[in-house]
Every structure is written in C-alpha cells, then in structure tokens.
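Structure first, commentary second.
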Amino acid sequence: MFRPALRSSFAVIRSAAPFAHRHLSNEARSLIQKAITARPIVLFMKGTPQLPECGFSRAVVQVLDLHGVPQEKMQTYNVLADAELRSGIKEFSEWPTIPQLYVNGEFLGGCDILLGMHQSGELEKLLIDSGVIPEELPEPQQTTNSS
Ligand SMILES: N[C@@H](CCC(=O)N[C@@H](CS)C(=O)NCC(=O)O)C(=O)O
Ligand code: FES
C-alpha cells in the first residue's frame with residue numbers, strides 16, 4: 001500500500017506541475033529516494049502482497065515469503081494505485097517494468113533476476129548479509145552419552 005504521506009506529496013507535485021510526469025522532478029525523485037529506503041526490502045508491485053494483480057508481482061512476493069522475509073522488514077507500493085509512481089519508478093531505476101525490488105536502498109531487479117538469484121542461492125545469501133533474515137544455524141548434533 002502507498003503510505004498516505006507519500007501519496008499526498010505526489011498529488012501536490014502532480015497538481016503543481018501537470019507536465020512533470022514525462023521527466024522526474026527533483027521532488028518526485030527525492031520522494032522515491034525516501035520510499036526505497038523506507039524499509040530494508042522495498043517492492044514496487046502491481047497490487048498488494050495479499051492480492052497481487054499480476055503473476056510477476058505475485059512470484060516476487062512468494063519468493064520473499066519462501067525465504068521468511070518478515071513483514072516489518074518489507075514495504076510494498078502498489079503502482080496500480082498511482083500512475084505517477086508507476087512511470088516515476090521506471091525512470092528512477094532505469095528499469096522498464098514492474099515489479100522492482102530494492103534491498104537496503106539498492107536496486108536489485110525484477111522478477112527474472114530475483115528468481116535466478118533464488119535458484120542459484122544468491123538471494124538467501126544477500127538476505128542474510130543484508131540483515132533481512134537470520135542465518136540458519138546448523139542443527140545441534142545429537143550427543144550420545146557413552147559412559
Ligand atoms: N521480465 C520482467 C517481467 C515483468 C514485466 O514484464 N512487467 C510488465 C508487465 S506486468 C510491465 O511492468 N509492463 C509495464 C507496465 O505495466 O507499466 C521481470 O523480470 O520483472
Ligand atoms: S499485468 Fe499483465 S503481465 Fe503483469
């Protein structure tokens with residue numbers, strides 16, 4: 001969901017500069033900058049995690065869920081609820097499609113990149129190294145008492 005504060009700020013920019021949507025204004029850029037650092041994991045998607053409105057967005061949500069990314073570490077923005085954000089994030093990230101995933105403020109990619117990283121094991125490592133999920137400790141060894 002789009003946070004109310006951010007949504008209203010975008011609305012102000014829209015009404016003040018009706019033609020600004022073709023190029024990201026400094027204000028829009030700084031709002032997106034704030035949005036991508038709102039939480040360790042930030043996902044620009046179609047729909048919501050509860051109700052994704054596209055299979056690509058759904059796949060990203062599912063992969064993050066599979067890795068146990070906690071809700072409090074993740075912020076999602078529904079680009080279908082804000083046309084300005086939908087075009088703005090593409091220009092900001094220099095990436096033409098949705099979903100778009102940021103980890104600790106760094107752009108990671110879309111669905112294909114995320115699925116590839118999931119399959120190679122890179123994603124788990126990144127999520128651990130970024131402090132998003134805890135490292136899985138090996139199962140404690142069973143000790144047998146020989147005495
Ligand atoms: N191959 C892409 C799939 C995502 C994709 O193709 N998204 C399209 C359809 S949902 C998109 O965002 N089109 C532009 C738009 O709808 O604004 C990925 O790896 O993320
Ligand atoms: S909305 Fe049609 S492919 Fe994403």
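Every heavy atom of this structure was used, including side-chain atoms; hydrogens, water molecules and symmetry mates were not. Whatever order the structure lists them in is the order used to number ligands and atoms, beginning at 1.
For ligand 1, the atoms closer than 4.0 angstrom to any heavy atom of Cys54 are 10 (S). Atoms of ligand 1 lying under 4.0 Å from any heavy atom of Lys90, numbered from 1 in the order shown and given with element: 14 (C), 15 (C), 17 (O). Under a 4.0 Å criterion applied to the non-hydrogen atoms of Phe56, ligand 1 contributes the atoms 3 (C), 4 (C), 5 (C), 6 (O). Of all the atoms in ligand 1, the ones that sit under 4.0 Å from a non-hydrogen atom of Asp112 are 1 (N), 18 (C), 19 (O).
Annotation: atom 2 (Fe) of ligand 2 to nearest protein heavy atom, Cys54 SG, 4.5 Å. Residue, atom and distance of the protein heavy atom nearest to atom 10 (S) of ligand 1 are Lys46 NZ, 3.1 Å. Closest to atom 8 (C) of ligand 1 among all protein heavy atoms lies Thr97 CG2, 3.8 Å. Counting only heavy atoms of the protein, atom 7 (N) of ligand 1 lies nearest to Ile98 O, 3.0 Å.
A side-chain hydrogen bond (donor to acceptor under 3.5 Å, both in side chains) with His67 holds for exactly one of His118, Gln62, Glu124; it is His118.
In the displayed structure, Glu122 atom CD is contacted under 6.0 Å by more than 12 heavy atoms of other residues, nucleotides or ligands. Heavy-atom contacts from other residues, nucleotides or ligands closer than 6.0 Å to CD of Glu106 number 12 or fewer.
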| task | Report the C-alpha distance between Tyr77 and Leu85 in whole Å, list the side-chain angles of each, state the deciding distance to 0.1 Å, and finish with yes or no for side-chain contact (heavy atoms from CB on, under 4.5 Å). | result | CA-CA 9 Å; Tyr77 298 100; Leu85 180 64; 3.9 Å; yes
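Looking only at side-chain heavy atoms (C-beta outward), Val42 and Val103 stay at 4.5 Å or farther from each other. Contact of the Pro40 side chain with the Lys73 side chain is registered, since non-hydrogen atoms from C-beta on lie closer than 4.5 Å.
By the 3.5 Å distance cut-off applied to N or O atoms, Gly110 is not counted among the residues near ligand 1. Considering both main-chain and side-chain atoms, Arg86 comes within under 3.5 Å of ligand 1 through a nitrogen or oxygen pair. At least one N/O-N/O distance between Cys111 and ligand 1 falls below 3.5 Å.
At least one donor-acceptor pair under 3.5 Å links the side chain of Gln100 to the backbone N or O of Trp95.
Taking the six-membered ring for Trp and thresholds of 30 and 60 degrees, Tyr102 and Phe107 have ring planes inclined between 30 and 60 degrees apart.
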